[in-house]
A.B. asks: 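Take a look at this one; I'll ask things after.
These numbers were taken from a predicted model, which means no experiment stands behind them.
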Amino acid sequence: MQLRYNYRAYPDAAQRRALASAFGCARVVWNDCLRDRRQAHAAGLPYVKSAELSRLRITQAKRTEERAWLADVSAVVLQQSLRDLDTAYKNFFDSLKGKRQGRKVGPPRYKSKKDTRQSIRLNTNAFSLQDDGTVYVAKVGNLKVKWSRRLPAPPTSVTVTKDSCGRYFLSFVVDTEPDILPELQTDAGIDLGLSAFAVLSDGSKIDSPRFLRRAEKKLKRLQRELSRKAKGSKNRAKARIKVARQHAKVADRRRDFHHKVSTQIIRDNQAVYVEDLAVSGLGRTRLAKSVHDAGWSAFVGMLEYKAALHGRTFAKVDRTFPSSQVCSACGLRDGPKPLHVRQWTCRGCGTVHDRDHNAARNVLFEGRRIVAAGRVETLNACGAPVRRAHVPAQRVEAGSPRKGQTTQAGIPGL
């Protein structure tokens with residue numbers, strides 16, 4: 001399976017200029033090729049092949065006066081930008097034909113130098129790990145990297161990314177074998193919520209850290225200072241960086257919390273069952289800020305890929321399953337209950353239930369049932385089982401931006 005390992009990089013001034021040039025060239029190739037395909041589609045012409053675009057927009061473009069600066073960066077960066085465009089189109093076409101699971105994917109969009117995320121992708125021909133702990137990137141130089149852990153295998157590609165607050169990251173993709181953990185006799189159902197981040201079927205609760213809520217006071221002050229700066233001024237650019245850094249801290253803390261909790265749950269249980277929540281729908285309600293602050297989708301995604309990595313069983317219980325309405329003791333369906341009802345008594349057996357704990361137990365029972373039936377999810381609204389999605393490498397490759405994401409394994413000497 002493929003895993004992605006992310007490390008912080010610290011380029012010097014010259015390397016930052018070289019990376020900015022590489023980001024710009026990759027963006028220009030993407031936009032030029034996308035424009036050619038859109039114009040051909042509008043004119044009723046056949047789909048423009050990648051080989052033709054590579055010849056026109058890369059090879060011949062370097063010989064022209066308007067695009068001569070494309071030769072200043074590695075040719076691998078330009079070719080990978082075209083391959084990423086092909087991948088974006090393939091995902092769009094597969095989504096239209098129903099071959100791609102999940103939400104519908106839109107067509108590729110033009111990139112802008114004002115996008116919050118700038119990135120380039122390179123294969124093994126354009127980068128290598130050095131003995132002194134640096135990473136050589138073609139026509140950029142040896143980048144200083146903060147190695148937090150070893151790479152388990154030689155990387156097959158690397159994505160160099162610059163985020164909205166000016167930080168640089170190197171994201172390596174490696175092919176590894178599953179790390180199977182010893183088998184256990186325990187399993188867990190998980191009910192996700194807002195008052196408590198997660199309630200497990202054994203009764204344990206994980207408190208919600210509410211990272212965004214805790215940082216709101218400082219964020220309001222920084223955003224107020226930003227709004228008072230003149231547009232286009234250097235002071236406004238500095239204020240924008242401060243706001244972006246504060247948002248990045250919130251996101252980093254939330255991601256770290258998700259990783260620690262998901263790892264602990266996977267290590268302590270042989271099987272994990274979780275409810276498939278409609279996060280996109282809840283994100284349009286009055287609870288939107290709290291829902292996005294919790295980050296349920298990212299947490300469930302971590303549980304899924306870590307279960308596949310460590311040989312655990314993972315299954316989703318469909319959102320239509322009435323986990324809060326059924327008594328986990330006798331199975332009586334007691335009807336819907338408003339959110340302010342946190343405890344209720346079963347009319348059938350008289351058991352007093354904590355709403356979240358009862359839901360977690362019901363998720364556990366339903367998860368066991370669907371796994372025993374040979375499925376990985378309950379039936380959806382159409383009555384068909386939903387297949388488990390392929391586990392991809394974490395953190396997306398360079399591609400269409402979303403509107404508002406020979407080497408030696410390991411580093412000698414660490």
A.B. asks: For a 4.5 angstrom cut-off between non-hydrogen side-chain atoms, does Val160 reach Leu170?
C.D. replies: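 Yes. Closest side-chain heavy atoms under 4.5 Å.
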A.B. asks: Look at Asp12 together with Lys144 and state whether they make a salt bridge at an N to O cut-off of under 4.0 Å.
C.D. replies: no
A.B. asks: Identify which one of Trp147, Phe169, Tyr168 satisfies the ring pair (Phe, Tyr, Trp, His ring centres under 6.0 Å) criterion when paired with Tyr7.
C.D. replies: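 Passing option: Trp147.
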A.B. asks: Minimum heavy-atom separation for Phe314 and Val300, please, with both atom names.
C.D. replies: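 What the structure gives for the nearest pair is CZ-CG1, 3.9 Å.
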A.B. asks: According to side-chain hydrogen bond (donor to acceptor under 3.5 Å, both in side chains), who are the partners of Arg35, at least two apart in sequence or on a separate chain?
C.D. replies: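 Counting only residues at least two positions away or on another chain, Arg35 forms a side-chain hydrogen bond (donor to acceptor under 3.5 Å, both in side chains) with Asp32.
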A.B. asks: What is the minimum heavy-atom distance between Ile120 and Ala22, and which atoms define it?
C.D. replies: CG2-O, 3.7 Å
A.B. asks: Decide whether Lys205 and His357 meet the rule of one side-chain donor and one side-chain acceptor closer than 3.5 Å.
C.D. replies: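 Distance-only check fails for Lys205 and His357.
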A.B. asks: Is a donor on one side and an acceptor on the other found under 3.5 Å between the side chain of Ser227 and the backbone of Arg224?
C.D. replies: yes
A.B. asks: For Glu216, which residues count as a side-chain hydrogen bond (donor to acceptor under 3.5 Å, both in side chains) partner, sequence neighbours excluded?
C.D. replies: Lys289
A.B. asks: NE2 of His310 to CG of Leu181: how many Å apart, nearest 0.5 Å?
C.D. replies: 5.5 Å
A.B. asks: Is it true that Asp356 and Arg342 have a side-chain N and a carboxylate O under 4.0 angstrom from each other?
C.D. replies: yes
A.B. asks: Using modelled atom types and a 3.5 Å cut-off, is there a donor and acceptor pairing between side-chain atoms of Asp175 and backbone atoms of Ala153?
C.D. replies: no
A.B. asks: So, taking the atom named CD1 in Ile190 and the one named CD1 in Ile265, what distance separates them when rounded to the nearest 0.5 Å?
C.D. replies: 4.0 Å
A.B. asks: Run the numbers on Ser280 and Arg103 for side chain to side chain contact (heavy atoms under 4.5 Å, CB included), then give the verdict.
C.D. replies: CA-CA 11 Å; Ser280 59; Arg103 300 178 62 182; 4.2 Å; yes
A.B. asks: In Å, rounded to the nearest 0.5 Å, how long is the span from CD of Glu366 to OG of Ser323?
C.D. replies: 10.0 Å
A.B. asks: Within a 6.0 Å radius of atom CZ on Arg267, are there more than 12 heavy atoms belonging to other residues, nucleotides or ligands?
C.D. replies: no
A.B. asks: The criterion is side-chain hydrogen bond (donor to acceptor under 3.5 Å, both in side chains); which residues satisfy it with Arg333, sequence neighbours excluded?
C.D. replies: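 Result, side-chain hydrogen bond (donor to acceptor under 3.5 Å, both in side chains) vs Arg333: Gln325.
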A.B. asks: Is a side-chain N or O of Lys104 found less than 3.5 angstrom from the main chain of Ser95, in a donor-acceptor match?
C.D. replies: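 Judged by distance alone, yes, a pair lies under 3.5 Å.
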A.B. asks: Would the distance check show the side chain of Arg236 and the main-chain N or O of Lys229 forming a donor-acceptor pair, the cut-off being under 3.5 Å?
C.D. replies: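 Confirmed, Arg236 side chain pairs with Lys229 backbone.
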A.B. asks: Please enumerate all residues that pass salt bridge (charged side-chain N to carboxylate O under 4.0 Å, His left out) together with Arg347, with sequence neighbours excluded.
C.D. replies: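 So Arg347 forms a salt bridge (charged side-chain N to carboxylate O under 4.0 Å, His left out) with Asp334.
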A.B. asks: Between atom CG of Asp187 and atom OG1 of Thr313, what is the distance when rounded to the nearest 0.5 Å?
C.D. replies: 9.0 Å
A.B. asks: Decide whether Ser233 and Asn235 meet the rule of one side-chain donor and one side-chain acceptor closer than 3.5 Å.
C.D. replies: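 Distance-only check fails for Ser233 and Asn235.
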A.B. asks: Is the number of heavy atoms from other residues, nucleotides or ligands within 6.0 Å of NE2 (His259) greater than 12?
C.D. replies: yes
A.B. asks: Salt bridge between Asp293 and Arg213, side-chain N to carboxylate O under 4.0 Å?
C.D. replies: no
A.B. asks: Please identify each residue that fulfils ring pair (Phe, Tyr, Trp, His ring centres under 6.0 Å) with Tyr273, with sequence neighbours left out.
C.D. replies: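 Scan of Tyr273 (ring pair (Phe, Tyr, Trp, His ring centres under 6.0 Å), adjacent residues dropped) gives none.
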A.B. asks: State whether Arg228 and Glu225 are salt-bridged, where the test is any N-O pair (Lys NZ or Arg NE/NH1/NH2 against Asp/Glu carboxylate O) under 4.0 Å.
C.D. replies: no
A.B. asks: Excluding sequence neighbours, so at least two apart, what forms side-chain hydrogen bond (donor to acceptor under 3.5 Å, both in side chains) with Asn142?
C.D. replies: none
A.B. asks: More than 12 heavy atoms of other residues, nucleotides or ligands under 6.0 Å from NZ of Lys337: yes or no?
C.D. replies: yes
A.B. asks: Kindly determine whether Leu78 and Cys25 satisfy side chain to side chain contact (heavy atoms under 4.5 Å, CB included), including the steps that lead there.
C.D. replies: CA-CA 7 Å; Leu78 309 181; Cys25 291; 3.8 Å; yes
A.B. asks: Is any side-chain heavy atom of Ile266 closer than 4.5 Å to one of Val272?
C.D. replies: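 Yes, close enough: below the 4.5 Å cut-off.
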A.B. asks: Any Lys/Arg nitrogen of Arg255 or Asp252 sitting under 4.0 Å from an Asp/Glu carboxylate oxygen of the other?
C.D. replies: yes
A.B. asks: So which heavy atom on Val76 is nearest to which on Leu122, and how close?
C.D. replies: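 Heavy atoms of Val76 and Leu122 come nearest at CG1-CA, 4.2 Å.
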A.B. asks: Indicate yes or no: at least one non-hydrogen side-chain atom of Glu275 is less than 4.5 angstrom from one of Leu192.
C.D. replies: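 No, too far: nothing below the 4.5 Å cut-off.
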A.B. asks: Does Arg37 pair with Asp86 as a salt bridge, N-O distance under 4.0 Å?
C.D. replies: yes
A.B. asks: Report yes if some heavy atom in the side chain of Arg254 is under 4.5 Å from a heavy atom in the side chain of Phe257; otherwise report no.
C.D. replies: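 Of all side-chain heavy-atom pairs linking Phe257 with Arg254, none is under 4.5 Å.
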A.B. asks: Ignoring hydrogens and geometry beyond distance, is a side-chain donor-acceptor pair present between Asp268 and Gln264 at under 3.5 Å?
C.D. replies: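 Yes, Gln264 and Asp268 have a side-chain donor paired with an acceptor closer than 3.5 Å.
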A.B. asks: Between Phe299 and His258, how do the two ring planes meet: parallel, tilted or perpendicular, split at 30° and 60°?
C.D. replies: tilted
A.B. asks: A side-chain contact here means heavy atoms from C-beta on lying under 4.5 Å apart; do Val140 and Phe127 qualify?
C.D. replies: no
A.B. asks: Quick one: closest heavy-atom pair of Gly133 and Val145, and the distance?
C.D. replies: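 Scanning both residues completely, I find the closest heavy atoms to be O-CB, 4.4 Å.
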A.B. asks: Give a yes or no on whether the backbone of Ala26 and the side-chain of Ser81 come within a donor-acceptor separation of less than 3.5 Å.
C.D. replies: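 The answer is yes, because a donor-acceptor pair under 3.5 Å joins these two groups.
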A.B. asks: Looking at every non-hydrogen atom in both residues, tell me the closest pair between Val48 and Ala40 and how far apart they are.
C.D. replies: CG2-CB, 3.7 Å
A.B. asks: Is any side-chain heavy atom of Thr159 less than 4.5 Å from a side-chain heavy atom of Arg4?
C.D. replies: yes
A.B. asks: How long is the straight-line distance from CD1 of Ile241 back to CZ of Arg167, given to the nearest 0.5 Å?
C.D. replies: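 Atom-to-atom, Arg167:CZ and Ile241:CD1 are 11.0 Å apart.
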A.B. asks: Donor-acceptor pair, Gln118 side chain versus Lys113 backbone, under 3.5 Å?
C.D. replies: yes
A.B. asks: Roughly how far, to the nearest 0.5 Å, is the CG atom of Leu212 from the CZ atom of Arg253?
C.D. replies: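 So the gap between those two atoms works out to 11.5 Å.
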A.B. asks: Would you kindly say whether Ser328 and Asn358 are connected by a side-chain donor-acceptor distance under 3.5 Å?
C.D. replies: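 The answer is yes; a qualifying pair exists.
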A.B. asks: Output yes when a side-chain donor or acceptor of Asn362 lies under 3.5 Å from a complementary backbone atom of Val326, and no otherwise.
C.D. replies: yes
A.B. asks: Any donor and acceptor pair, going by atom type alone, linking the side chain of Arg8 with main-chain N or O of Ser148 inside 3.5 Å?
C.D. replies: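 Absent.
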A.B. asks: Check whether any side-chain heavy atom of Leu19 sits under 4.5 Å from a side-chain heavy atom of Lys162, and report yes or no.
C.D. replies: no
A.B. asks: Under 4.5 Å between any side-chain heavy atoms of Phe172 and Leu129, yes or no?
C.D. replies: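 Side chain of Phe172 against side chain of Leu129, heavy atoms only: contact under 4.5 Å found.
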A.B. asks: Apply side-chain hydrogen bond (donor to acceptor under 3.5 Å, both in side chains) to residues Gln270 and Arg312 and explain how you reach the verdict.
C.D. replies: CA-CA 5 Å; Gln270 182 63 31; Arg312 301 305 199 198; 2.7 Å; yes
A.B. asks: A quick test of your reading: do over 12 heavy atoms of other residues, nucleotides or ligands sit less than 6.0 Å from NZ of Lys242?
C.D. replies: no
A.B. asks: Compare every heavy atom of Ala288 with every heavy atom of Gly283, then report the nearest pair and how far apart it is.
C.D. replies: O-CB, 3.1 Å
A.B. asks: Okay, side chain of Arg355, backbone of His340: is any donor-acceptor separation there less than 3.5 Å?
C.D. replies: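 Flag not set: sc Arg355 to bb His340 has no pair under 3.5 Å.
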A.B. asks: Verify, without hydrogens or angle tests, whether Arg121 (side chain) and Ser157 (backbone) share a donor-acceptor contact under 3.5 angstrom.
C.D. replies: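 Pair absent, no side-chain N/O of Arg121 close to backbone of Ser157.
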